[in-house]
Number of protein chains: 2
Amino acid sequence: MPDGAPKKPSRIQKRNRGKILDAALEVFSRHGFRGATLDQIAAEAGLSKPNILYYFDGKEDIHVTLLSRLMDSWLDPLVAMNPEGDPTTEILSYVQRKLDMARDMPRESRLFANEILQGAPRIGPELSGHLKPLFDEKCALVAHWVAQGRLPPLDPQHLIFSIWATTQHYADFESQVSLLLGADADPHARASDHLNRMFRAMLEV
Amino acid sequence: MPDGAPKKPSRIQKRNRGKILDAALEVFSRHGFRGATLDQIAAEAGLSKPNILYYFDGKEDIHVTLLSRLMDSWLDPLVAMNPEGDPTTEILSYVQRKLDMARDMPRESRLFANEILQGAPRIGPELSGHLKPLFDEKCALVAHWVAQGRLPPLDPQHLIFSIWATTQHYADFESQVSLLLGADADPHARASDHLNRMFRAMLEV
DNA sequence: GTCTATAATACGATAGAC
DNA sequence: GTCTATCGTATTATAGAC
C-alpha cells in the first residue's frame with residue numbers, strides 16, 4: 001500500500017482505541033504523566049500491555065492523542081460565548097457552563113491541569129494553535145463590550161483567568177475541597193450561587 | 001546513646017539538609033513527586049545521590065519534610081487575617097498577600113498544587129491537622145462579619161476558595177498565563193488591579 | 001489482533017572503601 | 001561524611017508464537 005493513505009480503521013480498531021483512551025484518561029488524570037504506568041492503563045482498559053502498544057506508538061503517543069482529542073470539547077463553552085447576546089448574560093452563562101464541566105468532566109480538568117502545571121511540555125503547540133486564537137478573540141469581544149459601555153471597565157484577559165481558576169478549582173483540588181467542606185451538602189449548588197453573585201457584582205455597570 | 005534524644009545537628013548537617021530541601025523544592029515543584037528523580041535533586045544540590053540518602057530516609061521522606069516545613073509559611077497570610085480589623089480591608093489585604101506569594105513563591109505553590117491535584121496522598125494528615133482548623137476559624141470569622149451586617153450575604157467557604165483559586169492560578173498555570181498574555185507587560189500589577197476590583201465589588205454592602 | 005516471555009533501561013536504595 | 005560501584009525492582013517497549 002502506498003504511503004500517505006492511512007487505512008480506514010475497522011470497527012474493532014476504533015472500539016479498542018476508544019477503550020484505551022478512556023482508560024488512559026482515568027489513569028493520567030489521577031497520577032499525572034510520569035506517575036501513570038502502562039500496566040495501570042492496560043488493566044483499566046481490560047487489555048494486555050503489548051496490545052496497548054499495538055494501537056499506540058507508546059505512552060507519550062497515548063497522552064498526546066488524548067490531549068488533542070479533548071481540547072475541542074474542553075473549549076466548547078468558550079466558543080459558545082455569543083457576540084450577539086447580552087454581555088452580562090453571556091459571561092455568567094459561560095461561568096455556569098465551566099462550573100458544570102468541572103462537575104461533569106473532572107478527569108479532563110485534572111488532565112489539563114497536570115500538563116500545564118508542569119510547563120505544558122507535551123501540549124504547548126496545541127495551546128498556541130487552538131487556545132491562543134480563541135482566547136484572543138473572546139478577549140477582543142469582551143473589550144468591545146466594555147468600549148460600548150455595556151460592561152464596566154475591566155480587564156478581559158484577567159477576567160477569563162479568574163473564571164477558569166474559580167471553576168476548575170472544584171475539579172482540580174477536589175480532595176482539598178471535600179476535606180474542608182465536609183461531606184454534608186452538595187457543593188455544586190452553593191458554588192454556582194457564589195460564583196454567580198461574585199461575577200455579577202463585578203459586571204454591574 | 002539512648003533513643004528518643006536526637007543528636008543536635010551540626011552546622012554542616014543543617015547546611016546540607018537545607019541545600020537538599022532547596023534542590024528538592026525546585027525539582028518536585030517542576031515535575032511532581034513521581035516525575036522527580038533523586039539524580040535530578042542530587043545534581044541540583046551539588047551532592048551525590050548516596051549522600052542525599054545519608055541525610056534523608058528516602059525520596060518520600062524528602063517530600064514529606066518539604067511539605068510540612070513549608071506549610072506554616074504557606075498559611076501565614078490566612079493567619080494574618082485580623083478579627084479586629086475592617087472586614088473589607090482584611091479580605092482585600094489577604095487577596096493581595098496571596099497574590100504576592102504566587103509571585104514570590106511560585107515553586108511552593110506548584111508543590112502544593114501537584115500534591116493536592118493527585119489526591120494529597122502524602123499530605124492528607126497535615127491538611128486535616130493544620131489547614132482545616134485554620135480554615136474553619138476564618139470561615140467563622142467571615143460569617144460573623146456577615147451576621148453583623150458588615151459584609152453582604154456571602155458564602156465564606158467558597159469566598160476563600162475563590163481567593164485561593166484566582167491568586168494561585170498565576171503561579172500554578174504560569175506557562176499558560178505567559179503564553180496567553182504574551183511577554184509584554186508585568187502581569188502582576190494588572191492581576192492585582194483586577195482581583196482588587198473583583199473582590200471589592202463582591203464585598204460592597 | 002492478541003498473547004506470553006523477555007529485553008533494555010531508569011530509578012530508588014545499599015554496600016563498602018576512604 | 002562522602003564517594004564509586006552495584007543491587008533489585010519497576011517500567012517501557014519488543015520478539016515471536018498463535
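First the proteins, then the strands, lettered A, B, ... as listed; each starts at 1.
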Please determine if a side-chain N or O atom of [X] lies less than 4.0 Å away from the OP1 or OP2 oxygen of [N].
{"X": "B/Tyr54", "N": "D/dG1", "result": "yes"}
{"X": "B/Asn51", "N": "D/dC3", "result": "yes"}
{"X": "B/Ser48", "N": "D/dC3", "result": "yes"}

Any side-chain donor near an acceptor of the partner, B/Asp100 and B/His188, under 3.5 Å: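 There is such a pair (donor and acceptor under 3.5 Å, judged by atom type) between the side chains of B/Asp100 and B/His188.
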Which nucleotide in C/dG1, D/dT14, D/dG1 has an atom nearest any side-chain atom of A/Ser10: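 In terms of side-chain proximity for A/Ser10, the closest of C/dG1, D/dT14, D/dG1 is C/dG1.
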With the threshold set at 4.0 Å, does a side-chain nitrogen-carboxylate oxygen contact exist between B/Glu115 and B/Arg122?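 Answer for the salt bridge query: yes.
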Assess whether a salt bridge exists between A/Arg190 and A/Asp186, defined as any Lys/Arg side-chain N lying under 4.0 Å from an Asp/Glu carboxylate O.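 Result for this pair is no, no salt bridge flagged.
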Say whether, by atom type as modelled, one donor and one acceptor occur between the side chain of A/Ser109 and the main chain of A/Met105 under 3.5 angstrom.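 A pair under 3.5 Å: no.
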Ring centre gap for A/Trp164 and A/Phe135 strictly below 6.0 Å: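 Aromatic pair counts; centres sit under 6.0 Å.
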Indicate, with a heavy-atom threshold strictly under 4.0 Å, whether B/Leu38 touches base, sugar-phosphate, or nothing.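 Sugar-phosphate contact only.
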What residues in residues 23-37 of chain A put a non-hydrogen atom under 4.0 Å from any atom of DNA chain D?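 DNA chain D contact set from residues 23-37 of chain A: A/Ala36, A/Thr37.
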Roughly, in whole Å, what's the span from CD1 in A/Ile20 to P in D/dT12?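 Whole-Å distance recorded here is 14 Å.
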